[in-house]
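All residue numbers in this chain count up from 1 along the given sequence.
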Amino acid sequence: KPQDKKQMGTARVHINRNILIWAVERIGKTVDEYVAENPVFQQWLDGTILPTYKNIEQFAHKLYVPLGYMFLPEPPQEIFPIPFFRNKDNRSHNINLYDTVIDMQERQEWLSGYLHRMGFDKIDYVGIFTPQDTVREVVDKIKEILGLQSNWALEFNNVDSALKYLTKKIEEKGVIVTFNSVVGFNNKRPIPVEDCRGFVLVDDYAPFIFVNSKDAKVAQIFTIIHEFAHILTGYSAGVGNIDMEQSSDIERYCDKIAASFLVPEGLFRNLWKDYPGNYEVLSKYLKVSRLVIARRAVELNFISQERFFQLYNLWSKEPKVKVNSSGGNFYPSAIKKNSRTFLIHVNTAINRNMLLHMDAYRLTGLKGDTFHKIINSSSFV
């Protein structure tokens, strides 16, 4: 009833002070910072003025808190679903990144269950290695799974086309690869590269790889292979900007696998003879960053550790190249944010009456008309 709804919106409600503080700190702000922007918040905390129900609705929406959480007796214990390695010492986890991982988990849970019900086999390479296995064994297996030769990257004129090809090869082997830099389609909720370059959610039926589309394209290629290595070791995790010495053993292991796969020893030795120390040219040929080239040069004793750290310190001071991932046609962008393979599964499930339209739109973040227009567009073919 309209009148009842209006009365509910203006009714004063008592919210546990700890819940209010938790909601603010959850987005990485202090109470003082929030009060400076919203003076009435102090009165809510003191209890001198109680917020209306409408106030709490707006507050929860603004701070990305599920409305029901506001009426709990105590703050919920939110634990980051997977290990995340990064330098940044946040007062709280990055809520945009947290919500993205939760969204990906929801997609994965649905897809894994759907594929299982449809009689799909488990993916046979998930978790077949441990860090006790040699890097070479894992690299050889990745090449076998993807059907790639050591010199595959030389066939492409630019990083973008190499990245698209690599993504296609990985998705053909049952992995969902998504590219995004915001929560869903909300450009007001960015995911900074320093917080997240990418993450992986391992599953026997539907492994998911997330890549931050704001990162440099050469970094995205490295991230995809790094996360694919995680799938082969059966370990879900994410990574942002992190110093090598602060990284975990499994992260260093997957880094070595990615570097060895993307910069194969035999091919690199031959290229180094022709272009010794020419990191720009070698980077262009192999579609990796100069830092990855330098790392391999150290491992193969082409340069000293001292020289490597000189280069590392020099390059780390250079301004970061910004990648524009938001412009252009909405349809290709929406496909990359969901993954073409994921959208195909969702559409097939709808057609088989195994998924409600409403649930499909929620899983993909696409409204009804938009979802169907994308599925039927030339971009999707």
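- Smallest separation of non-hydrogen atoms from Ile350 and Ala360: CD1-CB, 3.5 Å.
- Rounded to the nearest 0.5 angstrom, Met70 CE and Ile15 CD1 are separated by 5.5 Å.
- For Tyr69, the OH atom sits in a loose shell: 12 or fewer heavy atoms of surrounding residues, nucleotides or ligands are nearer than 6.0 Å.
- Interatomic distance, Phe185 CZ to Phe330 CZ, rounded to the nearest 0.5 Å: 4.5 Å.
- Of the possible donor and acceptor atoms, none in the side chain of Arg197 sits under 3.5 Å from a partner among the backbone N and O of Asn212.
- The existence of a salt bridge linking Asp140 and Arg136 is excluded, since no basic side-chain nitrogen approaches an acidic carboxylate oxygen closer than 4.0 Å.
- Hydrophobic clustering (ILVMFWY, side-chain heavy atoms < 4.5 Å, transitive): Val177 and Ile123 are in one cluster.
- Asp255 has no carboxylate O lying under 4.0 Å from a charged side-chain N of Arg252, or vice versa, which leaves the two without a salt bridge.
- Taking OG1 from Thr348 and CE from Met354, the interatomic distance works out to 10.5 Å, rounded to the nearest 0.5 Å.
- Shown here for Arg26 and Pro66, the closest heavy-atom pair between the two residues is NH2-CD, 4.4 Å.
- Atoms CZ and CZ, from Arg117 and Arg352 in turn, are 11.5 Å apart once rounded to the nearest 0.5 Å.
- Contact record, Ser377 with Tyr331: CB-CD2, 3.5 Å, taken as the closest heavy-atom pair.
- If you take CG on Leu97 and CZ on Phe80, they are separated by 3.5 Å, rounding to the nearest 0.5 Å.
- Using a 4.5 Å cut-off on side-chain heavy atoms (C-beta onward), Tyr165 and Leu148 make contact.
- Closest non-hydrogen pair, Ile145 versus Lys173, comes out as O-CE, 2.9 Å.
- Across all non-hydrogen atoms, the minimal contact from Phe84 to Val239 is CE2-N, 3.5 Å.
- Summarising the local packing, NZ of Lys373 is surrounded by 12 or fewer heavy atoms from other residues, nucleotides or ligands at distances under 6.0 Å.
- Summarising the local packing, OH of Tyr285 is surrounded by 12 or fewer heavy atoms from other residues, nucleotides or ligands at distances under 6.0 Å.
- Summarising the local packing, CD of Gln149 is surrounded by 12 or fewer heavy atoms from other residues, nucleotides or ligands at distances under 6.0 Å.
- The shortest side-chain heavy-atom distance between Lys367 and Tyr361 does not fall under the 4.5 Å cut-off.
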Before giving the answer on side-chain hydrogen bond (donor to acceptor under 3.5 Å, both in side chains), spell out for Asp103 and Thr100 the whole-Å C-alpha distance, their side-chain angles and the decisive distance to 0.1 Å. CA-CA 5 Å; Asp103 285 348; Thr100 296; 5.5 Å; no
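- The two residues Ser236 and Val202 make their nearest non-hydrogen contact at OG-N, 2.9 Å.
- Here side chain to side chain donor-acceptor pair (under 3.5 Å) pairs that include residues 299-309, with residues two or more places apart or in two chains, are Arg296-Glu299, Arg307-Gln310.
- Between atom CG of residue Asn94 and atom CZ of residue Arg189 there is a gap of 8.5 Å, rounded to the nearest 0.5 Å.
- The aromatic rings of Phe268 and Phe302 sit tilted relative to each other, their planes meeting at an angle between 30° and 60°.
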Would you please test Tyr125 and Phe228 for ring pair (Phe, Tyr, Trp, His ring centres under 6.0 Å) and show each step? CA-CA 10 Å; Tyr125 56 79; Phe228 193 65; 5.5 Å; yes
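- Between the side chains of Thr134 and Glu137, a donor-acceptor pair is found at a separation under 3.5 Å.
- In the hydrophobic clustering of ILVMFWY residues, with side-chain heavy atoms under 4.5 Å counting as a link, Ile102 and Trp110 come out together.
- Tyr34 places no side-chain N or O within donor-acceptor distance of the main-chain N or O of Ile21, the cut-off being under 3.5 Å.
- Under the 4.0 Å criterion applied to side-chain N and carboxylate O atoms, Arg269 and Glu265 are assigned as salt-bridge partners.
- At distances below 3.5 Å, at least one donor-acceptor pair connects side-chain atoms of Asn376 with backbone N or O atoms of His372.
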